[in-house]
2 protein chains.
Amino acid sequence: MKLSTSMERFILHWGEMGSRWGVSRSVAQVHALLYLTSEPLHADEITDTLSIARSNVSMCLKELQGWGLIKMTHVMGDRRDHFRAEQDVWEVMTRIVEGRKEREFDPLLITLQRCQEEARADSTTDPAVAQRIGAMHDFVHDMTSWYDQVRKLPRPVITKLMTMGAKVARFVS
Amino acid sequence: MKLSTSMERFILHWGEMGSRWGVSRSVAQVHALLYLTSEPLHADEITDTLSIARSNVSMCLKELQGWGLIKMTHVMGDRRDHFRAEQDVWEVMTRIVEGRKEREFDPLLITLQRCQEEARADSTTDPAVAQRIGAMHDFVHDMTSWYDQVRKLPRPVITKLMTMGAKVARFVS
DNA sequence: CTGTGATTTCAGAAATTACTGAAACTAATG
DNA sequence: CATTAGTTTCAGTAATTTCTGAAATCACAG
């Protein structure tokens with residue numbers, strides 16, 4: 001497939017973002033390409049378009065499926081697997097955030113919990129240190145439980161809250 | 001300085017987090033150490049405690065100052081620079097989020113804007129592609145402007161909104 | 001069961017990123 | 001102004017991560 005300038009720019013920047021967001025450049029590029037393309041693509045088409053190794057494309061597709069960002073489909077009369085990305089931006093972001101939460105914050109919280117218990121039990125640890133570990137734990141805990149509540153709200157409600165922006169403050173007396 | 005088990009665990013995990021969050025392991029470790037320690041430390045103490053090169057400690061301290069996470073202080077009768085981390089968890093997180101926003105989202109938004117204009121102007125780009133680039137742009141734009149508004153609210157208001165959790169939904173009819 | 005096309009695995013290569021240590025620099029002190 | 005304690009720079013090295021390509025595996029049609 002031939003990419004237009006803007007598609008190319010989008011894919012390249014998304015690739016850069018990816019490497020800052022815990023997926024490799026090529027995973028993010030494959031995702032960007034599939035996001036921009038509405039028709040399902042098969043692996044060889046991706047290989048040609050992005051000029052990366054066929055095997056790498058396989059790995060990327062697998063990882064993206066793990067993130068729930070793409071799904072496999074089949075085209076009538078074609079034996080090859082085809083892939084199609086979630087097209088809804090909100091859904092895309094939700095899954096990315098959800099994935100990062102599971103991969104980063106859940107383990108962080110477990111470690112912090114453990115540090116906290118350990119610090120309190122251990123008499124050689126300065127209570128002030130235990131207190132600071134506790135403060136960090138509580139913060140992360142509060143953040144994740146806030147997130148867990150809010151993400152379950154119906155999407156229109158969240159959208160509305162967002163468009164209200166700072167105006168939500170008026171409800172806090 | 002001798003680290004207790006829980007301090008060590010905290011510092012090591014924070015280091016791992018760092019490498020996923022766009023700073024090197026050692027930057028994050030230095031930050032964790034200073035966060036846990038209330039007294040200002042000088043570079044040699046950090047070098048010994050974390051067993052990393054003196055020069056690397058210098059670089060880490062510089063970067064952390066760039067993030068606004070630590071500041072230099074001086075101890076009476078000691079010529080050496082000492083460093084003290086922000087102890088308030090909320091402040092720590094605010095600065096990290098703020099830094100990442102500037103480093104990642106602001107440039108992303110600029111690229112998306114450019115892609116969008118380019119895609120619309122260019123007749124070879126499928127309008128559906130332009131539409132998807134636009135959708136991504138709008139999403140990121142809405143997100144950042146929501147963030148810009150909310151972060152300016154007084155902290156107690158934000159705290160209150162967070163403890164309300166999903167209950168904010170009741171204000172949306 | 002066999003042959004063909006598609007996919008996955010994995011060891012090594014390449015690229016990227018982080019770290020070290022020696023040398024250069026800076027500034028306070030006597 | 002020479003000495004000394006402290007800091008920074010930077011070129012080279014080490015570690016890590018990512019990518020490639022050949023080989024193995026899989027799965028379906030005939």
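Just so it is clear, the model here is predicted, and its values are computed rather than measured. Just so we're on the same page: letters track the sequence lines, and every chain starts at 1.
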Colleague: Are more than 12 heavy atoms, taken from residues, nucleotides or ligands other than A/R114, located less than 6.0 Å from that residue's CZ atom?
Modeller: no
Colleague: Whole-Å distance between C/dT17 C1' and A/R20 CZ?
Modeller: 13 Å
Colleague: Heavy atoms within less than 4.0 Å of DNA chain D: which residues of residues 58-76 of chain A have one? Give them sorted by number.
Modeller: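 Here the set is empty: none.
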Colleague: Taking atom types as modelled and ignoring hydrogens, do the side chains of A/H42 and A/E45 form a donor-acceptor contact shorter than 3.5 angstrom?
Modeller: yes
Colleague: Answer with yes or no whether the side chains of B/S58 and B/R54 bring together a donor and an acceptor at under 3.5 Å.
Modeller: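 Note: B/R54 and B/S58 side chains meet the donor-acceptor criterion.
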Colleague: Any side-chain N or O of A/S24 under 4.0 Å from OP1/OP2 of D/dT17?
Modeller: no
Colleague: Output yes when at least one side-chain N/O atom of B/R80 is less than 4.0 Å from OP1 or OP2 of D/dG6, else no.
Modeller: yes
Colleague: Rounded to whole angstroms, how far apart are CD1 on B/I46 and C1' on C/dC19?
Modeller: 16 Å
Colleague: To the nearest Å, how far apart are B/R25 CZ and C/dT16 P?
Modeller: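 Computing the B/R25:CZ to C/dT16:P distance gives 20 Å.
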Colleague: Do A/R95 side-chain atoms and A/G68 backbone N/O form a donor-acceptor pair below 3.5 Å?
Modeller: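 Present.
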Colleague: With sugar-phosphate meaning primed atoms plus P, OP1 and OP2, does A/S26 contact a base, only sugar-phosphate, or nothing at under 4.0 Å between heavy atoms?
Modeller: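 Answer is sugar-phosphate: A/S26 comes under 4.0 Å of backbone atoms only.
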Colleague: Given atom CD of B/E16 and atom P of D/dT16, what is their separation to the nearest angstrom?
Modeller: 10 Å
Colleague: With sugar-phosphate meaning primed atoms plus P, OP1 and OP2, does B/D81 contact a base, only sugar-phosphate, or nothing at under 4.0 Å between heavy atoms?
Modeller: sugar-phosphate
Colleague: Hey, which of these two, B/I52 or A/S19, hits DNA chain C nearer its 5' end, going by closest nucleotide?
Modeller: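 By nearest-heavy-atom nucleotide position, the 5'-most residue is A/S19.
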Colleague: Nearest whole angstrom, please: distance from the P of C/dA18 to the CG of B/L50.
Modeller: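 One finds 17 Å between P of C/dA18 and CG of B/L50, rounded.
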Colleague: So, A/D81 versus A/H74: side-chain donor-acceptor pair below 3.5 Å or not?
Modeller: yes
Colleague: Give the rounded distance in Å between these two atoms: NE2 of A/H42 and P of C/dT8.
Modeller: 15 Å
Colleague: Within the structure, does a side-chain N or O atom of A/S55 lie under 4.0 Å from either OP1 or OP2 of C/dT7?
Modeller: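 Negative; the distance criterion is not met.
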Colleague: Mind checking whether A/H137 and A/H141 have parallel, tilted or perpendicular rings, split at 30° and 60°?
Modeller: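 Because their plane-to-plane angle is under 30°, the rings of A/H137 and A/H141 count as parallel.
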Colleague: Which one, D/dT20, C/dT20, D/dG6, comes nearest to the side chain of B/N56?
Modeller: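 Nearest to the side-chain atoms of B/N56, counting from C-beta on, is C/dT20.
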Colleague: CZ of B/R54 versus C1' of C/dA24: gap in Å, rounded?
Modeller: 15 Å
Colleague: Toward the 5' end of DNA chain C, which comes first, A/A43 or B/S51, by nearest nucleotide?
Modeller: A/A43
Colleague: Answer with yes or no whether B/R79 presents, from its side chain, a donor or acceptor under 3.5 Å of a partner atom in the base of D/dA5.
Modeller: yes
Colleague: Assign the ring pair A/F171 / B/F171 to parallel, tilted or perpendicular, where the plane angle (0 to 90°) is split at 30° and 60°.
Modeller: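 Taking B/F171 first and then A/F171, their aromatic rings lie parallel (interplane angle under 30°).
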